[in-house]
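My questions will all concern the structure given below.
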Number of protein chains: 2
Amino acid sequence: MVRLLAARDDFDVPLVAVAQAVGCTPPALYGYFRNKAALLRAAREEGFNRLYTEKLTLSERMRANPFGYLREGSYAYVRFALDNPTLYRLMFAPPPNLGVGDDPLSGDLGRRVFDLLLAGLRGCQTQGFLSGMDINRYAFMFWSSVHGAVCLCIQNRVLDETAKWEAVRDVVDTLMRMIAATAPGHLHRGI
Amino acid sequence: MVRLLAARDDFDVPLVAVAQAVGCTPPALYGYFRNKAALLRAAREEGFNRLYTEKLTLSERMRANPFGYLREGSYAYVRFALDNPTLYRLMFAPPPNLGVGDDPLSGDLGRRVFDLLLAGLRGCQTQGFLSGMDINRYAFMFWSSVHGAVCLCIQNRVLDETAKWEAVRDVVDTLMRMIAATAPGHLHRGI
DNA sequence: ACATTAACTTAATGTCGTTCATTTATTATT
DNA sequence: AATAATAAATGAACGACATTAAGTTAATGT
């Protein structure tokens with residue numbers, strides 16, 4: 001399914017295409033999903049799971065270095081979005097008929113990813129960054145910036161991949177510089 | 001049409017609905033638009049025009065105060081997005097079948113709005129803010145943040161309007177504070 | 001008055017999601 | 001192992017919808 005989304009560059013995929021990719025007829029799908037919307041919701045969930053596990057393993061590997069994780073985790077996020085633009089759009093801008101009522105940050109799905117970001121920011125705080133700041137607020141700001149940049153890039157169908165990557169990476173780097181600037185002076189060099 | 005988009009909360013509007021809103025039959029529409037995609041592209045263009053004129057009049061009224069314009073212009077942008085969520089989504093996240101190949105910042109449509117933002121930032125620069133910074137880069141960052149916050153809020157169908165407004169406004173205010181912080185000290189108080 | 005064009009309408013076609021009755025395969029029971 | 005019960009899948013059919021084709025009406029120019 002995720003493959004199909006990527007191939008079609010659109011989540012308006014005919015059920016017959018899904019069916020023949022799976023090796024059955026369209027009505028057979030209704031044994032597993034109540035309707036097409038439910039199928040797409042499942043694909044969306046799968047997308048969130050992939051993104052989550054990707055970021056989770058990264059956060060475990062870099063537990064000792066929250067600041068570094070924040071950067072690398074953001075890079076991973078951006079790469080995921082640029083590598084799976086259609087899936088990303090399904091996750092973060094689903095059509096209303098999917099019946100996805102809440103945004104990714106409130107629903108159980110995206111919430112776990114958001115919590116990883118929160119943990120990263122809190123980790124930075126224990127290292128002296130962002131002291132005295134409202135982490136929830138800052139996390140929303142951080143996510144908004146990256147998400148917005150990714151959205152604008154994904155939308156563009158003429159820009160090549162490396163140009164997109166550099167544009168969004170620049171946004172991430174700027175955010176990281178801003179966080180670095182909140183640390184007491186002696187930390188500035190080491191990063 | 002714009003009314004219809006708002007009413008249906010979705011741009012997957014049947015042509016028959018458009019037709020009867022206009023007072024004719026679906027095939028009659030083909031005299032004015034090559035197909036449904038062309039009709040939606042026209043609605044999208046109308047959306048960009050409204051946003052542009054709104055921001056343009058604001059920028060003219062506040063020509064003397066670039067920093068203030070940047071804030072108020074952003075507020076206006078956010079209000080437009082939150083007041084017309086479906087139209088905004090059509091403008092910034094159109095389905096691929098519309099044939100809109102470039103992102104809003106590259107196309108003629110959104111480019112004019114982007115130029116207004118650039119002009120605002122340049123104006124701030126002449127007032128001593130953001131000295132020595134790459135304005136194009138900063139504009140992308142600025143737009144990304146606001147756009148991302150707006151996207152996340154629009155996506156949420158349970159949050160009430162004032163909560164959304166406050167969340168995005170907070171992002172804008174944070175951005176403005178960051179710009180204010182780039183000015184030489186004596187400017188900090190007056191804002 | 002009559003041909004021509006424009007704007008519309010009704011009718012028809014094709015795609016697609018979805019439902020339903022029926023058939024096929026699978027499991028359970030004796 | 002044979003048969004009943006159940007689950008799963010299929011083919012045909014329906015309804016919604018975009019789009020095209022053909023025909024109708026109204027207006028315009030000569």
Side-chain angles (χ1 to χ4, degrees), chain A residues 1-48 84-101 107 109 155 157, chain B residues 1-48 84-101 107 109 155 157:
Chain A
M1 186 64 213
V2 176
R3 244 189 322 262
L4 262 185
L5 286 175
R8 296 229 159 206
D9 205 50
D10 192 352
F11 34 76
D12 200 358
V13 182
L15 280 191
V16 61
V18 182
Q20 80 175 29
V22 157
C24 68
T25 54
L29 298 171
Y30 285 76
Y32 305 95
F33 303 98
R34 199 163 53 74
N35 52 27
K36 188 179 181 178
L39 191 155
L40 284 174
R41 276 198 299 272
R44 194 176 102 108
E45 193 167 340
E46 167 68 13
F48 275 111
N84 313 288
T86 309
L87 183 57
Y88 188 84
R89 270 179 39 230
L90 179 61
M91 290 160 65
F92 287 93
N97 57 44
L98 279 208
V100 178
L109 293 163
Q155 181 53 32
R157 288 208 170 30
Chain B
M1 187 63 213
V2 177
R3 243 190 322 262
L4 263 185
L5 286 175
R8 313 222 26 156
D9 207 51
D10 191 354
F11 35 76
D12 200 0
V13 182
L15 280 190
V16 63
V18 182
Q20 79 177 26
V22 152
C24 67
T25 54
L29 298 170
Y30 285 76
Y32 305 95
F33 303 98
R34 198 163 51 73
N35 52 25
K36 187 177 180 176
L39 191 154
L40 285 174
R41 277 199 299 273
R44 193 176 103 107
E45 194 169 339
E46 168 67 13
F48 275 112
N84 313 289
T86 309
L87 182 57
Y88 187 84
R89 272 182 36 232
L90 179 61
M91 290 160 63
F92 288 92
N97 58 44
L98 279 207
V100 178
L109 292 163
Q155 181 52 33
R157 288 207 169 30

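We name chains A, B, ... by the order of the sequence lines, and we start the count at 1 in each one. Computed from a predicted model, the values in this text were never measured in an experiment. All values below were derived from every heavy atom in this structure, side-chain atoms included, with hydrogens, water molecules and symmetry-related copies excluded.
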Pairing partner of D:dT30 (Watson-Crick or G-U wobble, both distances under 3.5 Å):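 Here D:dT30 is engaged in a pair, and the nucleotide opposite it is C:dA1.
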
For B:P14, answer base if it contacts any base atom (sugar-phosphate contacts may also be present), sugar-phosphate if it contacts only those atoms, and nothing otherwise; contact means non-hydrogen atoms under 4.0 Å.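 The answer is sugar-phosphate, as B:P14 gets under 4.0 Å only of primed atoms, P, OP1 or OP2.
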
Hey, does A:F11 have a side-chain heavy atom less than 4.5 Å from the side chain of A:P94?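 No. Closest side-chain heavy atoms not under 4.5 Å.
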
Separation of A:L15 atom CG from D:dC14 atom P, in whole Å?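 Value for this atom pair: 20 Å.
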
Between A:R8 (CZ) and C:dT15 (P), how many Å, whole number?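 Atom CZ in A:R8 sits about 13 Å away from atom P in C:dT15.
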
For A:Y32 and D:dA9, is the shortest distance between a side-chain N/O and OP1 or OP2 below 4.0 Å?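 Result: yes.
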
Using every non-hydrogen atom in the two residues, find where A:P96 and B:D9 come nearest and quote the distance to one decimal.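 Looking at all heavy atoms of both residues, the shortest contact is CG-O, 3.1 Å.
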
Expressed as a whole number of angstroms, how long is the span from A:Y30:OH to D:dT10:P?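 Result: 14 Å.
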
Nearest whole Å is fine: how far is C:dC16 P from A:K36 NZ?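 In whole Å, C:dC16 P and A:K36 NZ are 9 Å from each other.
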
Within the pair B:T25 and C:dT9, is there a side-chain N or O less than 4.0 Å away from OP1 or OP2?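 It does, given that an N or O in the side chain of B:T25 lies less than 4.0 Å from OP1 or OP2 of C:dT9.
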
Main-chain N/O of A:L98 paired to A:R41 side chain as donor or acceptor, under 3.5 Å: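 Yes, the answer is positive, given that a donor and an acceptor are paired below the 3.5 Å cut-off.
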
Output the rounded distance in Å from CD (B:Q20) to C1' (D:dC17).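 Taking CD of B:Q20 and C1' of D:dC17, I get 14 Å after rounding.
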
Measure CG/B:N35 against P/C:dT15 and give the value in whole Å, please.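 After rounding, the reported distance stands at 17 Å.
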
Identify whether the distance between the nearest side-chain nitrogen and carboxylate oxygen of A:D12 and A:K36 falls below 4.0 Å.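 Looking at A:K36 together with A:D12, the answer is yes, because their closest N to O distance falls below 4.0 Å.
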
Please state how far atom CZ in A:F33 lies from atom C1' in C:dT19, giving the value in whole angstrom units.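 Interatomic distance, CZ of A:F33 to C1' of C:dT19: 19 Å.
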
Could you check whether any side-chain N or O of A:R157 sits under 3.5 Å from a backbone N or O of A:Q155, counting only pairs where one atom can act as donor and the other as acceptor?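 Answer holds: yes.
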
Please classify the nucleic acid contact of A:V22 as base, sugar-phosphate, or nothing, using heavy-atom distances under 4.0 Å.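 The residue A:V22 makes no contact with any strand.
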
Atom CZ of A:R34 and atom C1' of C:dT19: how far apart are they, to the nearest Å?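 So the two atoms are 14 Å apart, to the nearest Å.
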
Under 4.0 Å, counting only non-hydrogen atoms across every strand here, what does B:V18 touch: a base, just sugar-phosphate, or nothing?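 If one applies the 4.0 Å heavy-atom cut-off, B:V18 turns out to touch nothing in the nucleic acid.
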
